[in-house]
2 protein chains.
Amino acid sequence: MIGRQNSNAAVMFHSVVAERMGLGLTEEKTVDLLQRLGPLTAGEIVQHTGLAPASVSGLIDRLVAKGFVTREKDPADRRRVIVRLDHHRLTGFAPVFDELMNGLDALYATYTEEELAVILDYLRRATAIQVAATGAISGKG
Amino acid sequence: MIGRQNSNAAVMFHSVVAERMGLGLTEEKTVDLLQRLGPLTAGEIVQHTGLAPASVSGLIDRLVAKGFVTREKDPADRRRVIVRLDHHRLTGFAPVFDELMNGLDALYATYTEEELAVILDYLRRATAIQVAATGAISGKG
DNA sequence: GTATTTAGTTCGTCCGAACGAAATATACGC
DNA sequence: GCGTATATTTCGTTCGGACGAACTAAATAC
């Protein structure tokens, strides 16, 4: 089944990218979180990852040590720690994604507007289903 | 970008499934390999995973202990070890996938034949691109 | 039939990454 | 201001999973 191969390809790609960046999967996932949601507090990372607070402290330590993020006190509530992505550090890895991006751009260019609409609709809905399924699995005891 | 979210959802789903089956990501990936390619020798698993032989020995140990595979001597070359999936063990986890499968079936049912053809074509080609990109990254120094 | 190569395992070890419990620092309620 | 609640870190520990080197067993070469 092609859906499965696609899913597998995604996992492999992520693993290889993470390795290339010198990150573990959890670390890469966190970087991705920060890219999508912007700066987060440690507590918010706890929410999003499901990790224990202690684990997130260590996780942030490692990302700081590797230069991917900075740790700042929240001026509004100085108990909080804001984790901010160092975008400059990331640009160095752009070439890693270029191959994929260029390939996908070329692929999209071969479809009509109507076809692209179908594909986007599919991707959106399939993603929602996958997210729901993930939640369902981890939920039930 | 939706492609990225989709990719991320796939990774999350895999992680959760692996956890649910009591497997690590490497172990789940190996089970998947065996499902797609049939029984493999230890050496072939080394090839496909890129792990060291010693690591694969341990990996097989763990999968055998967990009841997911059997280890047999190859009668044709008794140095070789054939790793075979225990399909019976896997059927117990079918419900884990049902949520996803049912959701996707329902999704597919909402498209016309023509639309499905576009979607399948896209998935096939996008997968190929992703695989190629993965190879390109891990390849170059 | 002995030497060499090949397949896999065992052993000792190491490291990343997770956790709970206790500590620290800050904010908030009254 | 004082006590309690909240955010994060530190500490000590544990565990899975990876590795290289040395070993065993079996096939192949000569």
Side-chain angles (χ1 to χ4, degrees), chain A residues 11-12 14-34 39-84 138, chain B residues 11-12 14-34 39-84 138:
Chain A
V11 175
M12 300 268 282
H14 270 263
S15 306
V16 173
V17 165
E19 188 190 352
R20 191 53 154 216
M21 294 169 73
L23 300 177
L25 264 185
T26 305
E27 291 161 1
E28 196 232 345
K29 183 172 151 189
T30 304
V31 167
D32 187 84
L33 267 180
L34 293 168
L40 297 174
T41 67
E44 288 169 331
I45 295 177
V46 166
Q47 302 295 321
H48 285 289
T49 58
L51 294 174
S55 311
V56 170
S57 265
L59 171 60
I60 298 172
D61 284 348
R62 298 194 304 271
L63 285 175
V64 169
K66 291 170 183 172
F68 285 94
V69 306
T70 56
R71 203 193 229 120
E72 312 160 23
K73 292 266 183 214
D74 181 342
D77 179 345
R78 296 171 28 76
R79 291 169 305 178
R80 287 203 178 87
V81 160
I82 297 179
V83 180
R84 192 184 301 275
S138 54
Chain B
V11 174
M12 300 268 281
H14 270 264
S15 306
V16 173
V17 165
E19 186 190 354
R20 192 53 158 213
M21 294 169 75
L23 300 177
L25 264 186
T26 305
E27 290 162 2
E28 197 231 345
K29 184 172 151 188
T30 304
V31 166
D32 187 84
L33 265 180
L34 293 168
L40 298 174
T41 66
E44 288 168 331
I45 294 177
V46 167
Q47 301 295 322
H48 286 288
T49 59
L51 295 173
S55 311
V56 170
S57 267
L59 171 60
I60 298 173
D61 284 347
R62 297 195 304 270
L63 286 174
V64 168
K66 292 171 182 171
F68 284 94
V69 306
T70 55
R71 202 192 231 119
E72 311 160 25
K73 292 262 182 220
D74 182 343
D77 180 344
R78 295 172 25 76
R79 289 171 306 179
R80 289 202 177 87
V81 159
I82 298 179
V83 180
R84 191 184 300 277
S138 53

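These figures come from a predicted structure and were not determined experimentally. Chain A is the first sequence line, chain B the second, and so forth, proteins listed ahead of strands; every chain is numbered from 1.
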Evaluate the side-chain proximity of [Y] to [X]: yes if any heavy-atom separation is below 4.5 Å, no if none is.
{"X": "B/F68", "Y": "B/L23", "result": "yes"}
{"X": "B/H48", "Y": "B/L40", "result": "yes"}
{"X": "B/I60", "Y": "B/V56", "result": "yes"}
{"X": "B/T26", "Y": "B/L51", "result": "yes"}

Bounded by its outermost nucleotides with an atom under 4.0 Å from a heavy atom of chain A, the footprint on DNA chain C reads C/dA17 to C/dA27
Sorted by number, residues from residues 39-49 of chain A placing a heavy atom under 4.0 Å from DNA chain D are A/T41, A/A42, A/G43
Enumerate the residues from residues 67-79 of chain A whose closest heavy atom to DNA chain D is under 4.0 Å, giving them by residue number; use none for an empty result.
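Per residue number, the list reads A/R71, A/R79.
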Within a radius of less than 6.0 Å around CE of A/M12, do more than 12 heavy atoms belonging to other residues, nucleotides or ligands occur?
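Atom CE in A/M12 is not packed in, count stays at 12 or less.
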With a cut-off of 6.0 Å (strictly less than), are more than 12 heavy atoms of other residues, nucleotides or ligands near CD of B/E72?
yes
For B/R71 versus B/D61, what's the shortest heavy-atom pair and its separation?
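Smallest interatomic distance, heavy atoms only, reads NH2-OD1, 2.8 Å.
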How far apart are the closest heavy atoms of B/A18 and B/G24, and which atoms are they?
CB-O, 4.1 Å
Of A/V56 and B/V56, the one whose closest DNA chain C nucleotide lies more 5':
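On the 5' side of the pair lies B/V56.
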Dump the pairs, protein N or O against N or O of nucleotides 14-17 of chain D, anything under 3.5 Å, distances to one decimal.
unit_1 : atom_1 : unit_2 : atom_2 : d
D/dG17 : OP2    : B/E27  : OE2    : 3.0
D/dG17 : OP2    : B/R62  : NE     : 3.0

A/K73: which residues meet the salt bridge (charged side-chain N to carboxylate O under 4.0 Å, His left out) condition with it, sequence neighbours left out?
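By the salt bridge (charged side-chain N to carboxylate O under 4.0 Å, His left out) rule, A/K73 matches no residue at all.
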Partner of A/V83 under side-chain contact (heavy atoms from CB on, under 4.5 Å), chosen from A/V64, A/L63, A/V69
A/V69
Exercise answer: donor-acceptor pairs, residues 75-82 of chain B side-chain atoms, under 3.5 Å, sequence neighbours excluded:
unit_1 : atom_1 : unit_2 : atom_2 : d
B/D77  : OD1    : B/R79  : N      : 3.1
B/D77  : OD1    : B/R79  : NE     : 3.1
B/D77  : OD2    : B/R79  : NH2    : 2.8
B/D77  : OD2    : B/R80  : NH1    : 3.0

As a quick check of understanding, evaluate side-chain contact (heavy atoms from CB on, under 4.5 Å) for A/L25 and A/E28, giving each step before the final call.
CA-CA 5 Å; A/L25 264 185; A/E28 196 232 345; 4.1 Å; yes
Just how far is it from atom CG of B/L59 to atom NZ of B/K29, taken to the nearest 0.5 Å?
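Spacing of CG (B/L59) from NZ (B/K29) equals 10.0 Å.
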What does B/A52 touch in the nucleic acid at a heavy-atom separation under 4.0 angstrom: a base, only the sugar-phosphate, or nothing?
sugar-phosphate
